[in-house]
Amino acid sequence: MSLLTSRTRFSAASRTMSHFVRSPEGHAAVLGFVGSVMIMFGGFGAGSVRRQDPLLESAHLSWLRYGHGLALSTAFVWIGVVLMITAWVRLGRATIAGGVTLNELRAIVPMWIGPLLLAVPMFSRDAYSYLAQGALLRDGFDPYAVGPVANPGVLLDNVSNVWTTTTAPYGPIFLLLGKAITTITGENVVAGTMLLRLTMLPGLALMMWAVPHIARHLGGKPAVALWLAVLNPLVLIHLIGGVHNEMLMVGLMAAGIALVLEHHHVAGIVVVAVGVAIKATAGIALPFLVWIWMVHERERRAELAARNGTTEPERHSEIGLFLRTASAGVGVFAAVFVAASAIAGVGIGWLTALSGSAKIINWLSLPTIMAHLVTVGTSWFADVRLAPVLEVTRLMCAIALLVILVWTWWRFRRSEREAVMGILIAFVAIVILSPAALPWYYSWPLALAAGFALSTTTLMILVGLSTWLMLVFQPDGSIGLYTFPHVAAATFAAIVAALSLRTVDPLRLRATPDEVVGPASKPVVRTDDVPQQPAPADRVQPSTDRAGR
């Protein structure tokens with residue numbers, strides 16, 4: 001009987017998947033997979049490849065890195081990126097309309113990241129820094145005291161020049177991961193990169209679990225949240241393709257928040273503490289989790305009072321309740337962090353190394369924008385250098401950030417929803433006001449924003465922003481923000497992507513006279529896109545257009 005049931009379930013699942021693959025959403029999933037494959041192949045020439053790559057040389061593919069080969073590789077990467085963005089927007093239209101289930105979206109994730117697991121590091125060279133820092137710990141150096149330059153070798157050869165003398169700004173658990181990986185792979189950069197990328201997958205799995213759970217608590221739609229925060233090409237291409245430890249940090253942070261929302265307070269704080277031991281940014285969530293714990297304590301006492309037949313719960317001092325929950329949270333966090341530091345054999349030098357990001361100068365951070373505006377605006381009557389102005393603007397923004405963080409923590413404390421909103425605002429403030437920002441930093445607030453009930457207009461803005469951030473860096477990790485044609489092309493693509501979330505053909509490229517334009521809040525519906533066959537019982541057909549962009 002059990003075998004028959006299993007066969008029946010497998011047959012039903014096969015029929016459902018077969019129908020999905022033949023649907024417009026299934027076509028979008030395949031399109032995204034094709035894009036991922038193109039990124040993988042193009043990356044061998046245009047990605048963040050090793051400076052000396054014996055594998056390409058032995059395969060007689062070194063020509064992909066130069067001249068016409070480089071142009072071809074670059075075209076492959078950008079076409080693949082555009083295909084993934086196109087597929088993502090198509091899935092977004094269908095998901096918003098209710099035409100794609102949460103499990104279908106989860107099934108697409110491994111489909112899209114599969115080729116990226118085999119790619120060279122894309123849009124960043126940080127993976128080589130991670131390996132070099134892990135090798136420092138492996139070889140007896142303190143990564144919080146010296147940079148990779150102290151340990152010459154093949155791993156050092158591939159680190160970006162700006163980071164060779166920079167001490168590690170990451171937590172002890174991430175350094176332990178780097179040590180373990182380089183102990184296993186030695187000086188083999190390819191094996192080290194692949195194993196490093198595999199260690200990021202638990203973070204992705206945690207996001208796939210946690211983001212829908214957070215959405216259920218905050219009133220958002222779990223499927224839309226997963227589509228926005230996980231299937232987003234900005235997340236998959238940068239965090240998996242680019243091999244960034246944000247994948248682990250964001251996954252652990254989101255999982256910890258989800259656990260606390262579900263009343264598993266100690267477990268949630270432990271998970272967030274592990275995230276802090278990967279990258280310190282996750283620690284921003286901890287003070288807000290104390291508020292959620294306090295909210296739950298008040299609710300528990302109110303329920304207990306109701307059971308006991310009293311009209312009001314027992315009165316307790318808010319200060320006392322805060323001290324108890326805060327001290328418990330701090331104690332749990334400290335225990336995890338001290339244990340991790342002791343196992344790694346390092347101290348808290350990573351706190352002083354956090355300033356290393358100040359070496360990054362680009363237009364993605366407000367202090368840099370302000371400094372550039374001052375120097376450009378005064379250039380016609382004064383010779384003002386960028387460096388001293390940047391020091392002033394960074395100090396101003398640091399003060400503003402501190403004020404915002406304190407105000408946000410105190411202001412958003414009365415409910416679960418407010419506390420998570422506070423974490424979201426804090427992350428946005430950090431990304432904008434910090435001395436430096438990079439495109440993948442926006443994955444921090446995105447994981448939380450996706451959980452709220454977002455209007456289509458808000459989703460369009462987030463799609464446009466994600467697309468623009470995905471396109472403003474070069475596949476080899478260099479910055480495209482200072483090249484006007486590059487920025488203009490990225491901006492145009494971002495606008496089209498945002499409009500395409502609501503309208504199938506925003507540029508009016510299709511010659512379809514039978515177009516029917518609905519109300520302003522509705523997508524454009526075309527008569528030739530309406531299914532001619534009745535929908536199967538196990539699928540819900542959306543009421544809006546789900547055709548390709």
Side-chain angles (χ1 to χ4, degrees), residues 13 16-21 23-40 80-81 83-96 99-119 122-123 194 196-216 220-255 258 440 442-444 446-451 459 462-463 466-467 470 546:
T16 301
M17 184 56 65
S18 175
H19 174 75
F20 177 74
V21 170
S23 68
E25 300 81 48
H27 296 164
V30 173
L31 183 67
F33 171 75
V34 173
S36 181
V37 171
M38 293 189 71
I39 293 172
M40 178 193 69
V81 170
L83 289 180
M84 284 194 72
I85 293 173
T86 303
W88 178 57
V89 173
R90 288 183 181 181
L91 283 173
R93 278 202 308 269
T95 303
I96 294 170
V100 185
T101 68
L102 185 61
N103 286 335
E104 287 170 343
L105 291 173
R106 283 175 171 151
I108 294 172
V109 174
M111 184 177 177
W112 283 13
I113 68 167
L116 295 177
L117 294 177
L118 304 176
M122 297 300 305
F123 294 91
M194 293 299 178
L196 183 63
R197 186 177 271 135
L198 291 178
T199 63
M200 304 301 166
L201 293 183
L204 181 63
L206 287 173
M207 279 190 73
M208 292 171 66
W209 171 81
V211 168
H213 278 267
I214 294 174
R216 292 187 183 99
K221 297 180 178 179
V224 173
L226 184 72
W227 163 79
L228 179 62
V230 179
L231 269 174
N232 194 323
L234 175 68
V235 174
L236 295 184
I237 297 176
H238 270 304
L239 300 192
I240 295 296
V243 202
H244 288 292
N245 57 12
E246 269 82 4
M247 187 79 265
L248 274 177
M249 186 270 285
V250 174
L252 288 163
M253 178 196 69
W440 48 92
Y442 285 82
S443 64
W444 310 342
L446 191 63
L448 299 178
L459 290 172
L462 293 176
V463 165
S466 297
T467 300
M470 182 63 251
R546 301 184 285 114

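Keep in mind it's a predicted model, so treat the numbers as computed, not measured.
- The two atoms that bring Val100 and Ala94 nearest to each other are CG2-CB, 3.6 Å, heavy atoms only.
- Side-chain atoms of Thr95 come within 3.5 Å of backbone N or O of Leu91 as a donor-acceptor pair.
- To the nearest 0.5 angstrom, Ile237 atom CD1 is 3.5 Å from Ile39 atom CD1.
- Pairs passing the salt bridge (Lys or Arg N to Asp or Glu O under 4.0 Å) check and including a residue from residues 233-247, sequence neighbours excluded, read Glu246-Lys279.
- Between Asn245 and Leu239 there is no side-chain heavy-atom pair separated by less than 4.5 Å.
- Inter-residue side-chain proximity for Trp440 and Met247 is flagged as unmet; no heavy-atom pair is nearer than 4.5 Å.
- The shortest non-hydrogen separation linking Ala119 to Met122 is CB-CG, 4.4 Å.
- For Phe123, the ring-ring contact (aromatic ring centres under 6.0 Å, His included) test picks out Trp78, His238, with sequence neighbours left out.
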What donor-acceptor contacts under 3.5 angstrom involve side-chain atoms of residues 202-216, with partners at least two apart or in another chain?
{"from": "Trp209", "atom 1": "NE1", "to": "His213", "atom 2": "NE2", "distance (Å)": "3.0"}
{"from": "His213", "atom 1": "ND1", "to": "Glu262", "atom 2": "OE2", "distance (Å)": "2.6"}

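- Side chains of Leu226 and Leu231 form no contact here, defined as non-hydrogen atoms less than 4.5 Å apart.
- Applying the side-chain contact (heavy atoms from CB on, under 4.5 Å) rule to Leu118 yields the partners Met40; only residues at least two apart in sequence or on another chain are considered.
- Contact record, Trp112 with Ser36: O-OG, 2.7 Å, taken as the closest heavy-atom pair.
- By the side-chain contact (heavy atoms from CB on, under 4.5 Å) test, Leu462 pairs with Leu228, Leu454, Thr458, sequence neighbours left out.
- Between Met194 and Leu117, the closest heavy-atom pair is SD-O, 3.1 Å.
- Minimum heavy-atom separation, Leu236 to Leu116: O-CD1, 3.7 Å.
- Residues satisfying the side-chain contact (heavy atoms from CB on, under 4.5 Å) criterion with Ser466, sequence neighbours excluded, are Trp88, Asn232, Leu234, Leu446.
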Assess the residue pair Val30 and Met111 against the criterion (side chain to side chain contact (heavy atoms under 4.5 Å, CB included)); give the C-alpha distance rounded to whole Å, side-chain angles, the decisive distance to 0.1 Å, and a yes or no. CA-CA 8 Å; Val30 173; Met111 184 177 177; 3.9 Å; yes
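- One distance of note links CG of Leu196 with NE2 of His244; it measures 10.5 Å at 0.5 Å rounding.
- In terms of heavy-atom proximity, Arg197 sits nearest to Ile240 at NE-O, 2.8 Å.
- When side chains are defined from C-beta on, Val230 does not count as touching Val235, because their heavy atoms never get closer than 4.5 Å.
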